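Working notes, beginning with the structure itself.
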Amino acid sequence: MRYSKYFLPTLREVPTEAEVVSHQLMLRSGMIRRVAAGIYELLPLGVRVIRKVEAIVREEMDRAGAMEILMPTVLPAELWQETGRWDFYGKELLRLKDRNGREFCLGPTHEEVVTDLVRREVRSYRQLPFNLYQIQTKFRDEIRPRFGLMRGREFTMKDAYSFDADRAGAEKSYRAMHEAYTAIFRRCGLKFRAVEADSGKIGGNLSHEFMVLADTGEDRVVSCLECEYAANLEMAALAPPPKGAPSGGIPRKEGEKESSEGGRYPIEVKTPGMRTVEEVTKFLGVSARRLVKTIVFNGDRGPVAVLVRGDHEVNPAKVRRLAEDDTLEIADPDIVERVTGAPVGFAGPVGLAIPVFADHAVAGMSHFVTGGNAADIHLTEVDLVDFEVEAFGDLREAAPGDPCPKCGGKLDFLRGIEVGHIFYLGTKYSGSMKAHFLDEAGAEKPIEMGCYGIGVGRTAAAAIEQNHDDKGIIWPLPIAPFQVILLSLDPGKKDVHSVAEKIYRDLTSAGIEVLFDDREERPGVKFNDADLIGIPLRITVGERGLKEKMVEFRERATGCESKVPVERAAEAVKEFLGKME
RNA sequence: CGGGAUGUAGCGCAGCUUGGUAGCGCGCAUGGUUCGGGACCAUGAGGCCGCGAGUUCAAAUCUCGCCAUCCCGACCA
């Protein structure tokens with residue numbers, strides 16, 4: 001491809017609309033342009049990258065035995081009403097009406113549609129198992145689209161759905177997808193982790209997220225330094241600490257309410273305006289480990305209180321699981337006030353009338369500090385005997401250095417971008433949509449399903465987040481829009497021109513993807529554009545090199561330069577690309 | 001949806017406080033000189049100043065309404 005003829009509008013300056021690097025660089029490198037909030041055009045360079053990712057995805061899905069289909073983007077309301085998601089999905093579902101007033105939506109995901117397809121065709125266990133996938137445009141009317149292709153409203157997604165006769169089969173399908181995903185992201189040249197994940201609203205109870213590691217990632221991932229364990233921070237389990245002496249000494253016994261000096265336990269202390277753990281510990285001169293934080297949650301079944309040690313953070317997802325109420329959220333200040341009788345910052349478990357859940361770590365504490373459920377009052381010398389706990393459990397967020405739940409090693413924290421998510425669904429959709437089959441015994445059963453998604457554009461964006469420098473993108477070779485960029489520094493000079501043309505022809509006929517910068521531009525412009533668009537190998541043809549009958553190779557990722565004799569250029573490129581594979 | 005901000009040339013911005021009909025840098029076009037890390041000189045094209053209403057002799061500037069975009073939060077592949 002000749003640059004002079006290519007539609008590749010690069011930008012020198014950063015458009016203000018772009019906040020994150022991948023978005024900035026995609027705009028600057030002429031990959032994308034914005035049409036509306038969260039809706040983008042893909043320019044030629046962008047399309048090339050997306051197609052590369054898609055090709056890898058397609059190959060690995062096919063290899064795993066999945067079959068490609070294509071479902072529509074406009075979906076009838078009836079299917080969504082059948083599973084209840086027409087109402088449940090909320091505003092994210094973009095709804096529209098046709099000329100007859102019939103309701104439709106733009107598909108944000110396709111469980112309903114495939115399930116409908118499959119239930120119409122599958123009668124017998126003999127037709128199972130199989131896996132259908134598509135690479136298709138989805139639309140989700142996100143509350144706040146941002147970060148370019150990272151979180152658009154319209155985006156390209158590969159979604160796959162597996163159909164099995166039983167749970168064991170479904171788990172096998174799930175593992176096959178896990179392997180396929182691992183192969184896909186590895187082949188894309190990305191550093192990633194498959195982490196245990198919360199299966200969330202889609203339901204089911206077996207789920208992994210594939211996270212591309214990048215410091216700018218929005219998701220926090222914990223990963224064991226010693227074993228393979230990795231999990232979404234929400235999921236990262238923590239084993240109860242070993243039983244031992246309570247951290248504050250021997251706790252008081254039931255009914256022991258008076259001190260030897262005649263004072264009553266727990267002891268009320270004035271803490272005017274001291275709301276945060278930091279303020280209270282400083283004021284009272286104790287460490288945060290001696291404090292118990294009380295966090296009020298509210299849900300459909302009413303409020304609950306959660307206790308964690310002062311230096312720990314509560315993990316809402318764990319609270320929801322332990323309390324068995326999916327609707328629990330951290331309560332608003334007015335609810336906190338109603339429940340505790342005190343402004344936020346002075347909540348404590350003593351005398352609370354709502355169920356109290358406590359983190360394991362609290363079980364090992366004695367003579368601790370809590371809020372007093374009254375403005376400007378805290379309690380010291382509190383013990384577990386002073387209040388009732390509904391249940392102890394793992395309720396806090398993991399922190400760096402915490403022990404790994406699998407092997408006891410230390411947990412490390414990483415940041416990642418979720419590019420893929422796999423779920424075991426069970427019979428969630430097949431049940432409600434009556435996608436049944438007859439098993440060997442002639443019994444009618446719902447099909448066991450799994451669903452598996454990859455954000456294609458997001459994968460490209462994540463690749464940039466992970467691989468860039470201050471000059472621009474550094475594409476991993478497998479998803480680079482071109483493998484080689486060939487610069488002719490003086491297209492006006494005959495010798496330079498003819499050598500560059502010759503190398504261009506040789507590379508092209510060898511099947512190598514090369515962008516030939518034959519523009520009438522100054523060298524600096526060409527070097528900078530080449531760095532910006534991030535093609536892995538740059539070849540420079542210029543007078544300076546030609547004096548010695550050499551052209552220059554430069555690797556984008558490392559900056560390594562070398563001189564190669566003109567006549568060996570094409571061959572050397574092949575060697576270079578072979579080495580990088 | 002709540003809080004904050006911004007809309008002026010393709011991009012980045014100034015002008016708005018104190019009304020007088022628009023400017024800078026980059027980019028673009030033409031000519032010349034340059035030519036190995038975003039050149040220089042000259043000339044030039046390009047703007048219903050987001051949209052609508054109002055105040056005024058006069059509005060980019062003041063007032064009101066609307067729209068769009070961005071940021072923070074809740075939400076999310």
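Below, chain A is the first sequence line, B the second, and so on; all start at residue 1. This structure is a prediction, so every number in the text was calculated from the model and none was measured.
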### Query
Do A:Phe527 and the base of B:rG36 stack face to face, with centres under 5.5 Å apart and an angle between planes under 30°?
no
Applying a 4.0 Å non-hydrogen cut-off, can you work out what [X] is touching in the nucleic acid: base, sugar-phosphate, or nothing?
{"X": "A:Glu543", "value": "base"}
{"X": "A:Gly457", "value": "nothing"}
{"X": "A:Arg153", "value": "nothing"}
{"X": "A:Gly545", "value": "base"}
{"X": "A:Arg33", "value": "nothing"}

Span that lies between the [atom1] atom of [M] and that of [N], in whole angstrom:
{"N": "B:rU61", "M": "B:rC16", "atom1": "P", "answer": "13 Å"}
{"N": "B:rG27", "M": "B:rC11", "atom1": "P", "answer": "15 Å"}
{"N": "B:rG3", "M": "B:rC62", "atom1": "C1'", "answer": "26 Å"}
{"N": "B:rC76", "M": "B:rG50", "atom1": "C1'", "answer": "30 Å"}
{"N": "B:rC1", "M": "B:rC64", "atom1": "P", "answer": "22 Å"}

Taking only side-chain nitrogens and oxygens of [X], does any of them come within less than 4.0 Å of OP1 or OP2 of [N]?
{"X": "A:Lys91", "N": "B:rC1", "answer": "yes"}
{"X": "A:Arg522", "N": "B:rA39", "answer": "yes"}
{"X": "A:Thr16", "N": "B:rG12", "answer": "yes"}

### Result of checking A:Lys318, A:Arg396, A:Lys293 against A:Glu313 for salt bridge (charged side-chain N to carboxylate O under 4.0 Å, His left out)
A:Lys293
### Task
Please check if any side-chain donor atom of A:Ser223 sits under 3.5 Å from a side-chain acceptor atom of A:Arg193, or the reverse.
yes
### Query
Under a 3.5 Å cut-off for both distances, is B:rC66 Watson-Crick or wobble paired, and to whom?
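Because both required distances fall under 3.5 Å, B:rC66 counts as paired with B:rG50.
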